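A quick note: this is a predicted structure, and the numbers were derived from the prediction, not measured.
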Amino acid sequence: MLLFVARLGFADETADSARVAYRLQPGDIIEVSVWKEPDLQKEVLLRPDGGFTFPLAGEVDARGKSIEEVRAILTERLKRFVPTPVVSVAVKQIGGNRIYVLGKVNRAGEFPLSNALDVMQAISLAGGATPYAALNDIVILRRQNGRQQAFTFHYSDVARGRELAQNIQLQSGDTVVVP
């Protein structure tokens with residue numbers, strides 16, 4: 001079981017303060033429980049629209065929100081029914097955060113995005129490039145706000161420690177195309 005937990009209002013703090021909070025996506029399964037309230041313990045699958053229904057709290061839109069943000073929403077909504085609710089939210093299964101690598105790589109496909117991942121790491125997950133790949137013509141496709149964006153990536157520059165800014169951190173839904 002993966003443990004991304006927010007409890008009692010304290011965020012999980014680590015030495016790496018630059019760590020980006022995991023963002024929930026449709027297909028993820030989360031476990032929600034309210035301390036000393038057995039009827040308010042539930043495992044929920046985030047629907048394709050990113051929402052879920054929880055007793056007494058109603059509809060909750062969790063798409064793109066962190067565990068802590070969902071916990072805060074539930075706590076606020078439950079205050080009307082449960083005095084000082086202590087809400088815990090944990091990710092049980094990551095099903096929605098995925099990236100895709102296709103083209104001339106050894107293992108094209110979709111890969112879970114469970115932690116920060118850059119382009120070089122994604123190519124590595126795909127087993128590396130084949131001998132005939134055009135490594136300096138790699139493109140990363142990203143859809144944001146209904147618009148498609150394309151970022152170029154020159155493998156040989158990054159491999160030599162140059163132009164490192166192009167080795168961007170991937171986001172859920174990104175596609176790395178290795179022609």
Side-chain angles (χ1 to χ4, degrees), residues 1-14 18-103 107-119 121-122 125-126 139-151 168-177:
M1 178 171 90
L2 299 168
L3 288 179
F4 295 97
V5 178
R7 202 171 242 194
L8 301 174
F10 300 105
D12 178 25
E13 294 181 13
T14 64
R19 189 182 82 165
V20 177
Y22 178 79
R23 298 291 174 180
L24 295 168
Q25 295 294 326
D28 288 347
I29 297 174
I30 61 173
E31 185 173 4
V32 180
S33 62
V34 181
W35 188 57
K36 290 193 175 184
E37 297 291 338
D39 293 335
L40 297 177
Q41 296 182 17
K42 189 175 179 183
E43 191 173 285
V44 295
L45 170 67
L46 298 188
R47 297 184 310 257
D49 66 356
F52 68 93
T53 304
F54 194 76
L56 302 178
E59 285 294 310
V60 177
D61 180 12
R63 178 184 218 138
K65 290 184 173 57
S66 70
I67 298 298
E68 179 58 31
E69 290 168 332
V70 171
R71 189 203 61 76
I73 291 168
L74 290 169
T75 300
E76 187 60 37
R77 291 187 184 178
L78 292 172
K79 281 182 182 177
R80 296 187 337 206
F81 307 103
V82 178
T84 60
V86 178
V87 179
S88 295
V89 178
V91 176
K92 284 207 68 172
Q93 184 176 352
I94 295 172
N97 279 316
R98 300 201 174 279
I99 56 121
Y100 306 88
V101 182
L102 46 103
R107 287 188 315 272
E110 66 177 356
F111 300 93
L113 185 62
S114 56
N115 58 353
L117 190 70
D118 60 35
V119 180
Q121 293 166 330
L125 279 177
V139 176
I140 298 92
L141 301 175
R142 177 176 294 163
R143 186 170 303 278
Q144 284 186 319
N145 302 322
R147 294 190 55 191
Q148 186 83 26
Q149 294 178 298
F151 303 93
I168 61 172
Q169 185 172 330
L170 298 173
Q171 297 177 7
S172 181
D174 282 358
T175 302
V176 178
V177 181

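To the nearest 0.5 Å, atom CG of residue L170 and atom CZ of residue R98 are 14.5 Å apart. The structure places CZ of R63 at 11.5 Å from CZ of R47, a figure rounded to the nearest 0.5 Å. Rounding to the nearest 0.5 angstrom, the gap separating the CD1 atom in I99 from the CG atom in L141 is 12.0 Å.
Side chains of F151 and V119 form no contact here, defined as non-hydrogen atoms less than 4.5 Å apart. In this structure the side chain of T53 reaches within 4.5 angstrom of the side chain of E59, judged on heavy atoms. Annotation: side chain of V87 is not in contact with side chain of F54 (no heavy-atom distance under 4.5 Å). Residues R23 and S66 form a side-chain contact, since some pair of their non-hydrogen atoms from C-beta on lies under 4.5 Å apart. Considering only heavy atoms from C-beta on, L125 comes within 4.5 Å of L117 through its side chain. In this structure, Q25 and L46 have side chains that are not in contact, with every pair of non-hydrogen atoms separated by 4.5 Å or more. Between R71 and S88 there is no side-chain heavy-atom pair separated by less than 4.5 Å.
Under the side-chain contact (heavy atoms from CB on, under 4.5 Å) criterion, A126 pairs with V101, V105, F111, not counting sequence neighbours. Shown here are the side-chain hydrogen bond (donor to acceptor under 3.5 Å, both in side chains) partners of D61, two or more places apart in sequence or in another chain: there are none. Legend: residues meeting side-chain contact (heavy atoms from CB on, under 4.5 Å) with I73, ordered by chain and number and at least two apart, are V60, K65, R77. For the side-chain hydrogen bond (donor to acceptor under 3.5 Å, both in side chains) test, residues two or more places apart in sequence or in another chain that qualify with D174 are R142. Legend: residues meeting salt bridge (charged side-chain N to carboxylate O under 4.0 Å, His left out) with D118, ordered by chain and number and at least two apart, are absent.
A side chain to side chain contact (heavy atoms under 4.5 Å, CB included) with L24 is found for exactly one of N97, I30, I94, namely I30.
The two residues L113 and S172 come nearest to each other via the heavy atoms CD2-N, 3.3 Å. Taking all atoms of both residues into account, the shortest heavy-atom contact from L45 to F52 is O-CB, 4.4 Å. Considering every non-hydrogen atom in both G95 and D28, the closest pair reads N-OD1, 2.8 Å. Nearest heavy atoms, K79 versus P85: CG-CD, 3.9 Å. Of all the heavy atoms in V176 and A122, the pair that sits closest is CG2-CB, 4.4 Å.
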Would you please test F81 and L40 for side-chain contact (heavy atoms from CB on, under 4.5 Å) and show each step?
CA-CA 11 Å; F81 307 103; L40 297 177; over 6 Å; no
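Sorted by first and then second residue, the side chain to side chain donor-acceptor pair (under 3.5 Å) pairs with a member in residues 36-46 read E43-K92; sequence neighbours excluded.
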